[in-house]
There are 2 protein chains.
Amino acid sequence: MSKDTLPGLTLCNNAVLRRATRKLGQFYDDVVAPSGLKATQQGLLYQIHIGDEPAMGAIAAALVMDLSALGHTLKPLIRDGYVETFTDPDDRRIKRVRLTPQGSVKLDEAMKLWRVAQQRFEDMVGKEQAAMLRAALDDIAALDFGIPPAAP
Amino acid sequence: MSKDTLPGLTLCNNAVLRRATRKLGQFYDDVVAPSGLKATQQGLLYQIHIGDEPAMGAIAAALVMDLSALGHTLKPLIRDGYVETFTDPDDRRIKRVRLTPQGSVKLDEAMKLWRVAQQRFEDMVGKEQAAMLRAALDDIAALDFGIPPAAP
DNA sequence: CGCAAACAGTGGCATATGCCACTAATTGAA
DNA sequence: TTCAATTAGTGGCATATGCCACTGTTTGCG
């Protein structure tokens, strides 16, 4: 064999997960790139699309992502005119997000490419295997690791 | 049900993978935090540790990570004195990496915490399930998506 | 009503990652 | 030997993510 570079960390669930994410991320990024979007951005636009002018907090929760991280990630999309935000009139703490017309067009464009990536990936690992993997990963994302704060 | 916030992107292999990575990353980070390291840094130190003064390229390959990204990630560890680099005398293009004494100590400290995280995680999802998941993720990291360049 | 606690975001700072252009070293011919 | 092609890293720029400290809003008492 010629590609057993360094074995090792293959035991850390977190490390292995990150490694796979880098690899798959590069693949989806490559395929979606012609649209000018990163795979993460395409996913975010999609998440916004399927929501009904979702609040930032709702999006962050759905993506299991830090609220401030979402805010940062949203900036380039706002700057490029794909997304816009507005304060919820019923609760001015809440800021809702929606796609602009250009954003919708861009999402359509990216989704076409995404389907190609998705298909290619599933052709390689098998549709069932992919579904099982997603289920397992969904479970992880839904795990409830203990209580960070204290219980007074 | 009360927590079905937004469904959706659960079909994109890449998005689901990233989401799980964020979640698990936060968990491992939290547990390893007392050492002052991020889980990614602990993993990187470990990778260096198990290698024999590995070259940067070898580490990057093992982690399926961009070489420049590795360089960037290494900087804070070098700055904090946990890692040092040196040019390979037989090929001065190559820069090798090794842990400093403090780096070894710090890694030991972090590994103790890592074991706790690893154990807690496997207690939750099951040792077998975790092993299967790692295997599946390893396969993904090893996938060979077509040829980016052309074949002249 | 009035104010403290809880909630939703923002901004700043730091790490994690990638891509690209560029430099330094080697290698492989001609 | 000499020079083009290849290899290994670096630096700059941009996105991806997190945590923390703060600000503006609401909500819930007393």
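Keep in mind that this is a model prediction, so the values were computed, not measured. Values below: all heavy atoms of this structure, side chains included; hydrogens, waters and symmetry mates excluded.
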Please confirm whether Arg98(A) makes a cation-pi placement over Phe86(A), using NZ or CZ under 6.0 Å from the six-membered ring centre and within 45° of the ring normal.
yes
For Asp108(B), the side chain to side chain donor-acceptor pair (under 3.5 Å) test, sequence neighbours excluded, returns none
Would you tabulate the nitrogen or oxygen pairs shorter than 3.5 Å linking the protein to nucleotides 18-20 of chain D?
unit_1: dG18(D); atom_1: OP2; unit_2: Asp66(A); atom_2: N; d: 3.0
unit_1: dG18(D); atom_1: O6; unit_2: His72(A); atom_2: ND1; d: 3.3
unit_1: dC19(D); atom_1: OP2; unit_2: Asp66(A); atom_2: OD2; d: 3.2
unit_1: dC19(D); atom_1: N4; unit_2: Ser68(A); atom_2: OG; d: 2.3

Measure from CG on Asp90(A) to C1' on dT27(D) and round the result to the nearest Å.
15 Å
Gln41(B) CD to dT17(C) P, straight-line distance once rounded to whole Å
10 Å
Have Gln26(B) and Asp30(B) got a donor and an acceptor in their side chains that come within less than 3.5 Å?
no
By nearest nucleotide on DNA chain D, pick out whichever of Arg92(A) and Thr73(A) is the more 5' one.
Thr73(A)
State plainly whether the residues Glu84(B) and Arg96(B) are in salt-bridge range, i.e. N to O under 4.0 Å.
no
Rounded to whole angstrom units, what separation is found between the CG atom of Leu44(A) and the C1' atom of dA16(D)?
11 Å
Under the rule for side chain to side chain donor-acceptor pair (under 3.5 Å), what residues qualify as partners of Thr73(B), not counting sequence neighbours?
none
So, are Arg93(A) and Asp88(A) salt-bridged, with charged N and O less than 4.0 Å apart?
no
Do Leu70(B) and Leu44(B) come close enough that some side-chain heavy atom pair is under 4.5 Å?
yes
Does OP1 or OP2 of dT17(D) have a side-chain N or O of Arg18(B) closer than 4.0 Å?
yes
Nearest-Å distance, CZ (Arg96(B)) to P (dT10(D))?
14 Å
Please determine whether a side-chain nitrogen of the Lys or Arg among Asp138(B) and Arg19(A) lies less than 4.0 Å from a carboxylate oxygen of the Asp or Glu.
yes
Could you state the CD-P distance from Glu53(A) to dA8(C), rounded to the nearest angstrom?
18 Å
Any luck finding a side-chain donor-acceptor pair between Tyr28(B) and Gln118(B) under 3.5 Å?
yes
Here the distance between atom P of dA6(C) and atom CD1 of Ile94(A), to the nearest Å, is 18 Å
What pairs of nitrogen or oxygen atoms, one from the protein and one from nucleotides 4-7 of chain D, lie under 3.5 Å apart?
unit_1: dT7(D); atom_1: O4'; unit_2: Arg93(B); atom_2: NH1; d: 3.0
unit_1: dT7(D); atom_1: O2; unit_2: Arg93(B); atom_2: NH1; d: 3.3

Can you find a side chain N or O atom of Thr40(A) that sits less than 4.0 Å from OP1 or OP2 on dA16(D)?
yes
Which word best sums up how the rings of Phe145(B) and Phe121(A) line up, parallel for under 30°, tilted for 30 to 60°, or perpendicular for over 60°?
tilted
Note, Tyr46(A) side chain near Leu107(A) side chain (heavy atom, < 4.5 Å):
yes
Can you tell me the distance, in whole Å, between the CE atom of Met56(B) and the P atom of dA24(C)?
17 Å
Test side-chain hydrogen bond (donor to acceptor under 3.5 Å, both in side chains) on Asn13(A) and Glu122(B) and set out the steps.
CA-CA 9 Å; Asn13(A) 301 293; Glu122(B) 303 208 335; 3.2 Å; yes
What parts of residues 74-84 of chain A reach DNA chain D, counting only heavy atoms under 4.0 Å away?
Pro76(A), Arg79(A)
Kindly state which residues belonging to residues 102-113 of chain A come within less than 4.0 angstrom of DNA chain C, counting heavy atoms of the residue only, listed by number.
none
Any donor-acceptor pair under 3.5 Å linking the side-chain atoms of Asp139(A) with those of Gln129(B)?
no
What is the distance, to the nearest angstrom, from the OH atom on Tyr28(A) to the C1' atom on dA16(D)?
18 Å
Do Thr100(A) and Val83(A) have side-chain heavy atoms sitting under 4.5 Å apart?
no
